[in-house]
Amino acid sequence: MTMTQYYDPQRLVREVQSLLRTYGLTAEPVTGEPGLAEAGAGMLLRGLGITPALDGVDALARAMDKPWAEADAR
């Protein structure tokens with residue numbers, strides 16, 4: 001029985017950017033193409049048999065860091 005593996009595509013993008021910078025390359029997101037790098041990371045992960053997904057704890061922490069518009073409007 002194969003266990004499903006998960007990996008955060010945004011984390012993969014950050015790690016690849018860091019790796020490319022060590023080789024002297026500029027690795028910044030393409031202007032006008034939001035989410036392109038994350039979509040590519042997701043495709044790469046799926047192609048390697050890994051499910052692209054946020055870690056539950058990281059997802060909750062990110063959600064808590066962002067203000068809630070509904071609460072701000074009150």
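The figures here come from the full heavy-atom set of this structure, side chains too, leaving out hydrogens, waters and symmetry mates.
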Member of Q17, R11, Q10 meeting the side chain to side chain contact (heavy atoms under 4.5 Å, CB included) criterion with V13: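 With V13 as partner, Q17, R11, Q10 yield a single side chain to side chain contact (heavy atoms under 4.5 Å, CB included), made by Q17.
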Can you list, pair by pair, the side-chain donor-acceptor contacts under 3.5 Å of residues 22-32, counting residues two or more places apart and other chains?
unit_1	atom_1	unit_2	atom_2	d
T22	OG1	L19	O	2.4
E28	OE2	R21	NH2	2.7

Solution key, residues 34-51 side-chain donor-acceptor pairs under 3.5 Å, sequence neighbours excluded:
none

Give me the other members of the hydrophobic cluster that L60 sits in, counting Ile, Leu, Val, Met, Phe, Trp and Tyr linked by side-chain heavy atoms under 4.5 Å, directly or via other members.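 Besides L60, the hydrophobic cluster comprises M64, listed by chain and residue number.
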Only counting residues at least two apart or in another chain, list the ones meeting salt bridge (Lys or Arg N to Asp or Glu O under 4.0 Å) with R14.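 None.
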